[in-house]
2 protein chains.
Amino acid sequence: MTKLSFRQKVHLAREDAIVSTVKRLLAEKGFDLMTVDEVAAEVGIAKASLYKHFPSKEALAAAAMVQTMGLALQQVQAAQAVPGASALDKLRAITRWTLQTQLAGEMPTLPSENSTLRNALIADKAYMDGLMQLSDELGAWIVQAQADGALNRALPPEAILYTLFARACDPVLGFLKLGGQYGDAQIVDIVMSTCFDGLAARA
Amino acid sequence: MTKLSFRQKVHLAREDAIVSTVKRLLAEKGFDLMTVDEVAAEVGIAKASLYKHFPSKEALAAAAMVQTMGLALQQVQAAQAVPGASALDKLRAITRWTLQTQLAGEMPTLPSENSTLRNALIADKAYMDGLMQLSDELGAWIVQAQADGALNRALPPEAILYTLFARACDPVLGFLKLGGQYGDAQIVDIVMSTCFDGLAARA
DNA sequence: GTCTATAAGAGGATAGAC
DNA sequence: GTCTATCCTCTTATAGAC
């Protein structure tokens with residue numbers, strides 16, 4: 001751990017403020033509708049200054065995703081530390097966190113179609129590293145949970161992994177919230193149930 | 001049924017060609033990344049001519065969605081006509097069609113964030129009518145399936161409805177396809193299983 | 001590194017001839 | 001209703017002073 005000068009600390013603090021704003025705006029409007037002007041305005045600096053910190057809009061989005069994956073990895077560590085928790089318990093815990101975060105408007109989401117963004121992300125080492133690490137950790141839990149007989153063994157582990165990742169942008173949360181009939185906790189419980197138990201009745 | 005002049009038939013045929021193109025482009029790139037120039041180029045007419053048929057980009061998207069909902073309603077009728085099919089069977093059939101259509105790149109999808117689009121759709125009578133009719137038909141099946149004990153009674157019917165609608169834009173299909181490890185039929189089966197049976201093992 | 005000002009270009013929409 | 005040409009706004013990105 002290198003000691004940081006005051007200058008460097010201020011620099012990092014500002015970048016953190018930028019990334020937090022980007023995360024929120026990405027969650028609110030998505031990548032295409034988020035404008036760099038808007039980010040600069042909300043952070044309270046000029047757009048040109050923003051471009052001194054991040055070279056492009058894509059880099060902004062990547063930084064937001066990296067920070068979010070860092071939070072997810074913290075949740076993974078936290079789940080790992082719970083004594084006596086099964087692999088399924090851990091997967092449920094991280095999924096619940098994902099749903100809560102999205103419902104709170106703090107889960108940045110990226111369009112799967114935008115190719116310029118996609119290429120930028122694939123080229124971003126920090127992003128790819130985070131994604132790989134998260135996939136590895138969750139993948140191990142999935143295989144374990146299948147061995148435990150807790151998750152459906154007929155499903156390919158990667159299909160389960162993708163299904164869990166997809167909870168980060170599940171539109172059902174927003175629909176239920178819009179209805180106004182359920183509280184956040186209830187909504188999360190409902191989606192947890194549809195995800196793990198399915199729509200069909202259990203015997 | 002009024003008789004149509006040759007002129008009117010040509011007019012309708014052209015509008016149908018436009019809508020088909022829009023549907024495909026919406027499925028490929030989404031609303032924000034689809035450009036009107038592109039639509040005009042693919043249809044093979046000038047952009048200004050396009051605007052004689054549809055007054056705005058939002059109207060184009062709405063027309064595409066209306067046509068797609070029409071197809072969905074046809075599927076509903078087809079499922080209705082199957083003798084001896086339970087409510088669950090019918091819901092599974094329409095869900096399967098949705099997944100197949102999306103996987104084939106023919107399911108136009110709309111961003112939930114874009115407010116200008118959202119307002120245009122809400123103001124579009126044909127769109128709202130189709131949506132209502134589809135919701136009513138599926139809603140009736142859902143209630144019936146719950147009464148049959150085939151669908152989880154603890155879930156609010158609207159949550160089930162939203163979950164089924166959300167299959168139209170489920171990113172898991174694309175992820176699995178990208179992996180290249182599974183054929184379309186297998187992918188549909190996998191997602192059908194996660195949707196109705198859930199990720200957890202069944203006893 | 002922060003600012004103001006502006007370049008550069010994409011994209012939605014329209015004018016006006018035919 | 002179709003075309004060409006154009007308008008106008010929005011948005012990303014940069015130049016250059018301080």
Side-chain angles (χ1 to χ4, degrees), chain A residues 4-19 21-22 25-26 28-64 110-111 113-121 123-124, chain B residues 4-19 21-22 25-26 28-64 110-111 113-121 123-124:
Chain A
L4 296 179
S5 69
F6 177 72
R7 224 167 223 210
Q8 288 170 316
K9 280 189 205 160
V10 169
H11 185 87
L12 283 179
R14 173 139 293 174
E15 293 205 337
D16 205 65
I18 295 172
V19 171
T21 299
V22 171
L25 288 175
L26 276 182
E28 271 177 32
K29 334 179 59 170
F31 180 77
D32 294 319
L33 268 58
M34 177 188 83
T35 69
V36 178
D37 291 82
E38 197 174 18
V39 175
E42 295 227 7
V43 174
I45 62 176
K47 182 163 53 168
S49 307
L50 226 176
Y51 274 97
K52 298 283 182 181
H53 289 275
F54 297 92
S56 70
K57 187 183 177 184
E58 282 77 14
L60 278 174
L110 302 181
E113 326 101 6
N114 191 323
S115 62
T116 76
L117 176 56
R118 213 175 170 72
N119 294 337
L121 289 177
D124 189 314
Chain B
L4 296 178
S5 70
F6 178 71
R7 225 172 215 187
Q8 288 170 316
K9 280 188 205 159
V10 169
H11 184 87
L12 284 179
R14 172 138 294 176
E15 292 203 340
D16 205 65
I18 294 171
V19 171
T21 300
V22 170
L25 287 175
L26 276 182
E28 270 177 32
K29 335 178 57 168
F31 181 77
D32 295 319
L33 268 58
M34 177 188 82
T35 69
V36 178
D37 292 81
E38 197 173 18
V39 175
E42 295 227 5
V43 175
I45 62 176
K47 183 162 56 167
S49 306
L50 225 177
Y51 275 97
K52 298 284 182 181
H53 290 275
F54 298 92
S56 68
K57 185 183 177 184
E58 282 78 14
L60 279 174
L110 302 180
E113 327 102 5
N114 192 326
S115 61
T116 76
L117 176 57
R118 212 175 172 74
N119 293 337
L121 289 177
D124 188 313

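Lettering follows sequence order; numbering is per chain, from 1. In this text, all values refer to a predicted model and were calculated from it rather than measured experimentally.
Atoms CD1 (A:Ile18) and P (C:dG1) sit 11 Å apart, rounded to a whole Å. Here the P atom of nucleotide C:dT2 and the CZ atom of A:Arg7 are 10 Å apart, to the nearest Å. Residue A:Phe54 contributes atom CZ, which lies 14 Å from atom C1' of C:dG1 at whole-angstrom precision. Atom CD in B:Glu38 sits roughly 8 Å away from atom P in C:dG11 (whole-Å rounding). Remark: P of D:dT11 and CG of A:Asp32 are 12 Å apart, rounded to the nearest angstrom. A straight line from OH of A:Tyr51 to P of C:dG1 spans 18 Å, rounded to a whole angstrom. Taking atom CG on B:Leu33 and atom C1' on C:dG12, their separation rounds to 15 Å, with Å as the unit. Computed from coordinates, the B:Phe31 CZ to C:dG11 P distance equals 13 Å when rounded to whole Å.
The base of C:dG11 has none of its N or O atoms less than 3.5 Å from a complementary donor or acceptor on the side chain of B:Lys57.
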Carefully, step by step, assess A:His11 and A:Glu15 under the rule side chain to side chain contact (heavy atoms under 4.5 Å, CB included). CA-CA 6 Å; A:His11 185 87; A:Glu15 293 205 337; 3.1 Å; yes
Full working for side chain to side chain contact (heavy atoms under 4.5 Å, CB included) between B:Leu60 and B:Leu26: CA-CA 10 Å; B:Leu60 279 174; B:Leu26 276 182; over 6 Å; no
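Within the structure, every side-chain polar atom (N or O) of A:His53 is placed at least 4.0 Å from both OP1 and OP2 of C:dG1.
Side-chain atoms of B:Arg14 lie closest to D:dT2 of the nucleotides C:dA13, C:dT2, D:dT2. Residue A:Ala48 has its side chain nearest to C:dC3 when only C:dA13, D:dT4, C:dC3 are considered. Checking D:dA13, C:dT2, C:dA15 against the side-chain heavy atoms of A:Ser49 singles out C:dT2 as nearest. Listed nucleotides D:dG1, C:dA13, C:dC3 differ in distance to B:Lys47; the shortest reach to its side chain belongs to C:dA13.
Annotation: side chain of A:Met34 is not in contact with side chain of A:Glu28 (no heavy-atom distance under 4.5 Å). Two residues are said to be in side-chain contact when any heavy atoms from C-beta on lie closer than 4.5 Å; B:Leu121 and B:Leu117 meet this criterion. For the pair A:Leu50 and A:Val36, the minimum side-chain heavy-atom distance is below 4.5 Å.
Nucleic acid contact class of B:Lys52 (heavy atoms, under 4.0 Å, all strands): base.
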